[in-house]
Amino acid sequence: KAGVTQTPRYLIKTRGQQVTLSCSPISGHRSVSWYQQTPGQGLQFLFEYFSETQRNKGNFPGRFSGRQFSNSRSEMNVSTLELGDSALYLCASSAGQPYGYTFGSGTRLTVV
Amino acid sequence: TQLLEQSPQFLSIQEGENLTVYCNSSSVFSSLQWYRQEPGEGPVLLVTVVTGGEVKKLKRLTFQFGDARKDSSLHITAAQPGDTGLYLCAGDGAGNMLTFGGGTRLMVKP
């Protein structure tokens, strides 16, 4: 079965712009989570959605937001981009615990 | 805030050697997961351990979950160059979110 699909794979944006990243989970998975990965901070939790509702949010500024659609696809948005937002953004879907999470290949965002 | 300390950060060994990676926390997790990540890709789930004291084996990899569900270890026997990668432990606590350790970058030289 198809895995978690993230688009685009690479993105270059300028400071101050906004960006939208997309994630299509594994069919049947209703939980979608987003993580930011940087060399300095490692993998950090952004937010988690289940059935179109945000159930949990990590310690990130309000510039980071997300949503989930009725087909479980999810998007995250970052407004007013800063250089420090350059990172690999990973989406993960899950059928629930303890089954673990399946991650996508990520979107590499570079802010210049 | 739940934290996971992973050690060592870097490990460079020769093919055929054994190694152990540790993951420690002062918090209790409902489950602990180990992932392996290749450059430019997302982490791939290796195993989930749920029960305190649980031991799981995956070919040459052995995973243990501490009795108190606060720590875990990954042991690789007879490492091979194909084992090279970033190994991540992640605790599933409250709120359907994973707390990741800092990762162990393993290089196995032929």
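Excluded from the calculations below are hydrogen atoms, water molecules and symmetry mates; all remaining heavy atoms, backbone and side chain alike, are included. Proteins get letters first, then strands, A, B, ... in listed order; numbering begins at 1 in each.
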Checklist entry - Does a donor on one side chain sit under 3.5 Å from an acceptor on the other, for A/Thr107 and A/Arg9? => result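 No.
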Checklist entry - Is A/Glu48 salt-bridged to A/Lys57, going by a charged N under 4.0 Å from an acidic O? => result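 No, no charged N to carboxylate O under 4.0 Å.
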Checklist entry - When you check the gap from the basic side-chain N to the acidic O, do A/Arg63 and A/Asp85 get nearer than 4.0 Å? => result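 The answer is yes: the pair qualifies as a salt bridge.
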Item to check | Side chain / backbone / both / neither for A/Phe47 at chain B, heavy atoms under 4.5 Å | outcome: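 A/Phe47 has no heavy atom closer than 4.5 Å to chain B.
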Item to check | Under 4.5 Å from a heavy atom of chain B, the part of A/Leu43 involved | outcome: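 Both parts, heavy atoms under 4.5 Å.
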Item to check | Region of B/Glu38 in contact with chain A, defined by heavy-atom distances below 4.5 Å | outcome: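 Interface part for B/Glu38: neither.
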Checklist entry - Heavy-atom distance under 4.5 Å to chain A: side chain of B/Glu41, backbone, both or neither? => result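 Both backbone and side chain.
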Item to check | Six-ring centre of A/Phe50, A/Arg55 cation under 6.0 angstrom, axis tolerance 45° | outcome: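 Yes.
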Item to check | Best-contacting candidate, A/Gln41, A/Gln6, A/Gln37, against chain B by heavy atom pairs under 4.5 angstrom | outcome: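 The residue among A/Gln41, A/Gln6, A/Gln37 with the greatest pair count is A/Gln37.
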Next on the checklist: Do A/Val32 and A/Cys91 have side chains that approach each other closer than 4.5 Å (heavy atoms only, starting at C-beta)?
Outcome noted: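 Yes. Closest side-chain heavy atoms under 4.5 Å.
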